[in-house]
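Remarks on the structure that follows.
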Amino acid sequence: MANKESSTGRIRAGKNRVSGLSRPRRRTAIVAAVLLVVVGWPVLSALFGGFERTSGGEIAVVRNGGFFDNNKIRQVIDPGSGRVWIGFYSQVHKYPAQQRFYTITSDARKGDETGVDVVTVPSADGVNMGIEGTLYFTLNQDHKTLRDFDDKYGTRKFRSAGGEMYNVYDGDKGWSAFLDQIVRPVIDNDLRSQINSFRCAELVSSCALVQNSSAPQAARVAGQQAQSNNANIAKVQNAINTSLAADLEQTLGGKFVTNIHFNLVRITLPSKVQDAVDRAQAAFAQVSEAQAKVATAKAEAAANKARQDGYNKCPTCARIEELKALPQGITVYAPGNPNGSLLRDK
C-alpha cells in the first residue's frame with residue numbers, strides 16, 4: 001500500500017514538472033507568433049510592394065518613402081516596363097504617356113467640364129461669340145523635364161469642377177482638375193486675343209444680316225463673307241496653335257506639353273443675335289419671293305405686249321392664232337353672227 005502511494009506521488013510530481021516546463025514554451029511560441037505577425041508581415045508586404053511596372057499608356061515618377069528616407073525623386077519608369085525594384089515604401093506618380101485632349105463644347109456629354117462649356121469672347125465689333133474646340137497635346141516624356149513637372153505639380157492638389165481636391169496623378173479626375181485649373185485659363189486668354197482681331201461677319205457670315213445696312217447690301221456682304229470665313233477660321237487656328245505653345249511653356253514654367261494642336265470646331269452667336277439672324281433670313285426669303293413674283297409678272301406683261309405688237313402689225317396672224325385656239329370639232333366659225341359664232345358637229 002505504501003509503495004503504491006509513493007509511486008502515485010512520483011507520477012504527480014513528474015506531471016507537474018512537465019507542465020511547468022511546457023508553460024514557458026507555450027508563452028514563447030505565442031510571443032514568436034505575435035512578433036512574426038507584427039514584424040514579419042509588414043516586412044513581407046514592403047518587400048513585395050517594392051516592385052512596380054507601367055502599362056503602355058503611362059509613365060511613372062518614383063519618389064523615396066519610408067520612415068528613415070527622404071522624399072526626393074528616385075527614378076522614372078518608362079511606358080510598358082516590366083517589374084522594376086523601386087525600394088521600400090516608395091511613392092509612385094503615374095502620368096499619361098499617350099496623346100491627351102481637352103474638349104470645349106456645348107454638348108454636356110462630350111466636354112471635359114461638366115454641363116455646357118463654351119468659351120464666350122467678344123469679336124472686334126463687340127458681338128459675344130461662343131467658341132467650341134478641342135486641344136490636343138502630349139505630356140513631355142523627357143526624364144529631366146518630367147522630374148521638373150513632378151516637382152512643380154505632382155506635389156500639390158488641384159480643385160476639380162465639382163469642388164473635390166485631387167493630385168494630378170489621381171487618374172482622369174486628377175488630370176482633369178489640373179487642366180481645368182492651370183491649362184484652361186491659358187486657352188481662354190488665347191481665344192480672346194485671337195477672336196478680338198476679327199469682326200463678327202468675318203467669322204460668321206450671317207452676322208452681316210443683322211448689322212446696320214440695307215437689305216441688298218447685307219445680303220451681298222453675307223455672300224462675300226461666306227467665301228472668306230473658312231480662311232479666317234484657319235488663321236485663328238494657326239495663331240492659337242502658335243501662341244498656345246509659347247503661353248503654356250511660360251505659364252507652366254517649362255516645356256511640359258508638346259505636339260500642341262487646337263482644332264476650332266464651331267463658332268456660335270448669342271441666342272438673341274441668332275434669333276435676329278433667323279428673322280432676317282426669313283424676311284430676305286420673303287423679299288426674294290416677292291421680287292421673283294414681280295419679275296415673273298413683268299416678264300409676262302412684256303411677252304403679252306410683244307405678242308400684241310406682232311398682231312397689230314399682222315392682223316392675219318392674229319386670225320390664224322384665233323383659229324388655232326378654237327376647240328376641236330368646230331365646223332363653222334362665224335364671229336360676226338349674233339346668234340352664235342361656233343357650230344359643232346353632231
Could you check whether any side-chain heavy atom of [X] comes within less than 4.5 Å of a side-chain heavy atom of [Y], counting everything from C-beta outward?
X	Y	result
M129	C200	yes
V62	V76	no
V121	D188	no
L203	I233	yes
R53	I77	no
R184	I104	yes
Y169	V92	no
I267	I131	yes

Rounded distance (nearest 0.5 Å) linking atom [atom1] of [X] with atom [atom2] of [Y]:
X	Y	atom1	atom2	answer
N64	R74	CG	CZ	6.0 Å
I187	D247	CD1	CG	11.0 Å
H261	T138	NE2	OG1	12.5 Å
L191	L264	CG	CG	7.5 Å
L146	H93	CG	NE2	11.5 Å
R156	Q181	CZ	CD	6.0 Å

key: Electrostatic pair E202-K235, nearest N-O below 4.0 angstrom   = no
key: Basic-acidic side-chain contact under 4.0 Å: R63, D151   = yes
request  = With sequence neighbours excluded, tell me which residues meet side-chain hydrogen bond (donor to acceptor under 3.5 Å, both in side chains) with T134.
outcome  = none
message = Going by ring pair (Phe, Tyr, Trp, His ring centres under 6.0 Å), name the residues that satisfy it together with Y95, two or more places apart in sequence or in a different chain.
response = F149
inquiry  = Looking at A234, is its backbone amide N or carbonyl O close enough to the side chain of N238 to form a donor-acceptor pair, meaning the two atoms are under 3.5 Å apart?
reply    = yes
inquiry  = Can you tell me how the ring of Y136 sits relative to the ring of F101, calling it parallel under 30°, perpendicular over 60° and tilted otherwise?
reply    = tilted
ask   = When the ring planes of F178 and W175 are compared, do they come out parallel, tilted or perpendicular, using 30° and 60° as the limits?
value = tilted
message = Distance alone, cut at 3.5 Å: any donor-acceptor contact between the side chains of E58 and T54?
response = no
key: Worked verdict on N263 versus Q237 for side-chain contact (heavy atoms from CB on, under 4.5 Å)   = CA-CA 7 Å; N263 184 24; Q237 274 192 172; 3.1 Å; yes
ask   = Is it true that atom CG of D172 has more than 12 heavy atoms of other residues, nucleotides or ligands lying nearer than 6.0 Å?
value = no
Over all atoms of both residues, closest heavy-atom pair of [X] and [Y]:
X	Y	result
N140	D142	OD1-N, 3.0 Å
S197	A124	C-CB, 4.3 Å
R266	T268	NE-CG2, 3.2 Å
F137	L179	CZ-CD2, 3.7 Å
F158	V168	CE1-CB, 4.1 Å
Y102	D180	OH-OD1, 2.7 Å

ask   = K94 and E52: side-chain contact (heavy atoms from CB on, under 4.5 Å), yes or no, with the steps?
value = CA-CA 11 Å; K94 292 184 178 180; E52 188 58 76; 3.3 Å; yes
[X], [Y]: one ILVMFWY side-chain cluster at the under-4.5 Å cut-off?
X	Y	answer
I182	I240	yes
F88	F51	yes
I59	L252	yes

inquiry  = I'd like to check the side chain to side chain contact (heavy atoms under 4.5 Å, CB included) partners of P122; sequence neighbours left out, ordered by chain and number.
reply    = N128, N196
request  = Take D190 and V186, measure what side-chain contact (heavy atoms from CB on, under 4.5 Å) needs, and give me the verdict at the end.
outcome  = CA-CA 6 Å; D190 277 57; V186 181; 4.0 Å; yes
